[in-house]
Protein chains: 2
Amino acid sequence: MQLDRVFGALSDATRRAIVMRLCDGEASVGELAKPFEMALPSLMKHIRILESSGLVASEKTGRVRMCSLQTEALATVEVWLAAQREVWEQRLDRLEMYLRN
Amino acid sequence: MQLDRVFGALSDATRRAIVMRLCDGEASVGELAKPFEMALPSLMKHIRILESSGLVASEKTGRVRMCSLQTEALATVEVWLAAQREVWEQRLDRLEMYLRN
DNA sequence: TGATTGGTTAGCCATAAAGCTAACTATAGT
DNA sequence: ACTATAGTTAGCTTTATGGCTAACCAATCA
């Protein structure tokens, strides 16, 4: 499922940092790599994982690959969480109703 | 980090299903296991992972272990997502401002 | 007390994740 | 044409994940 991949992608601090960086705008692979002490191929793997989750898209022009955030994928997660919250809040409401009577 | 574990816990459909079930109220390990074709020990592993992420708490009384959702852990994720959204929306706002002038 | 139920422990397997190095490709700059 | 830059591929480790079975403990119930 898509949610598997999105949650999985966000379960790593490096990848969350990349996402945070991309919230501020597009960046090349090199720019994304700078803050980390990691070897490039390792970082590329993270980018691949982010891409396969749908959180990031990238396009190569010349020898530079630019990456951008796909906010819809993050929205998917927000939607899922909101749905859960609704269920548990309804339950708490029922509980409160019950306790009042 | 805590977020690592929470996102990791939610990256599996079985565990998300458990979380969804617990949104509706407490449940024993046995009740949680029923909907799945999985062997009990496998399911227990998932419960352990959910516990170590802080999403679920459990307590054993007699021979029955009751599990409950810890909504604060889900809230942690919501907070992180909201923070990202704020950043990217600010950027889009700036972009719009720029395009207007 | 003996059997059943509810969960737990231990240990095995296959696959995937996260990192590395080394070597390679392809574009840009001089 | 040569060199430096920006990624990419391949292949290797180590550790974690997700599943299983088989055997085990502990609380009920008859």
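On a predicted model such as this, the values are computed, not experimentally measured, just so you know. Protein chains get the first letters and strands the later ones, always in sequence-line order, with residue 1 at the start of each.
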Where does the angle between the aromatic ring planes of Phe7(B) and Phe7(A) fall among parallel (under 30°), tilted (30 to 60°) and perpendicular (over 60°)?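 Judged by the thresholds at 30° and 60°, the geometry between Phe7(B) and Phe7(A) is tilted.
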
Assess whether side chain to side chain contact (heavy atoms under 4.5 Å, CB included) is satisfied between Asp24(A) and Trp88(B), documenting all intermediate values. CA-CA 6 Å; Asp24(A) 242 350; Trp88(B) 94 60; over 6 Å; no

Using a strict heavy-atom distance below 4.0 Å, which residues from residues 1-36 of chain B are in contact with DNA chain D?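 Per residue number, the list reads Asp12(B), Arg15(B).
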
Audit row: Met66(B), Glu59(B), side chain to side chain contact (heavy atoms under 4.5 Å, CB included) steps and yes/no: CA-CA 6 Å; Met66(B) 286 304 264; Glu59(B) 200 178 356; 5.8 Å; no

Could you check Val29(B) against Leu40(B) for side chain to side chain contact (heavy atoms under 4.5 Å, CB included), going step by step and ending with a plain yes or no? CA-CA 9 Å; Val29(B) 170; Leu40(B) 243 200; 4.0 Å; yes

Could you walk me through whether Arg5(B) and Ser52(B) pass the side chain to side chain donor-acceptor pair (under 3.5 Å) test, one step at a time? CA-CA 7 Å; Arg5(B) 293 189 166 274; Ser52(B) 83; 3.3 Å; yes

Nucleotide N/O of nucleotides 24-30 of chain C paired with protein N/O under 3.5 Å:
unit_1	atom_1	unit_2	atom_2	d
dT27(C)	O2	Arg63(A)	NH1	2.9
dA28(C)	O4'	Arg63(A)	NH2	3.1

Would Ser58(A) and Glu51(A) count as a side chain to side chain donor-acceptor pair (under 3.5 Å) here? Give the steps. CA-CA 8 Å; Ser58(A) 75; Glu51(A) 282 194 296; 2.6 Å; yes

Identify, residue by residue, the members of residues 39-59 of chain B with a heavy atom below 4.0 Å from DNA chain C, and return them in order of residue number, or none.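 Leu40(B), Pro41(B), Met44(B), Arg48(B) - these, ordered by number, are the residues of the stretch whose heavy atoms sit under 4.0 Å from the strand.
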
Quick one: Lys60(A) NZ to dA6(D) P, roughly how many Å, whole number?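 Checked: the NZ to P distance equals 12 Å.
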
Where is the tightest heavy-atom contact between Val6(B) and Ala73(B), given as atom of each residue plus distance?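 The answer is CG1-O, 4.0 Å.
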
Quick one: does Arg16(A)'s side chain have a donor or acceptor within less than 3.5 Å of a partner on Leu10(A)'s backbone?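 Yes, Arg16(A) side chain to Leu10(A) backbone: donor-acceptor pair under 3.5 Å.
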
Might you confirm whether atom CD of Glu89(A) has over 12 heavy atoms from other residues, nucleotides or ligands at distances under 6.0 Å?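 More than 12 heavy atoms, drawn from other residues, nucleotides or ligands, come within 6.0 Å of this atom.
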
Grouping I, L, V, M, F, W and Y whenever their side-chain heavy atoms are under 4.5 Å apart, do Leu50(A) and Met1(B) come out in a common cluster?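 Linked, Leu50(A) and Met1(B) end up in one cluster.
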
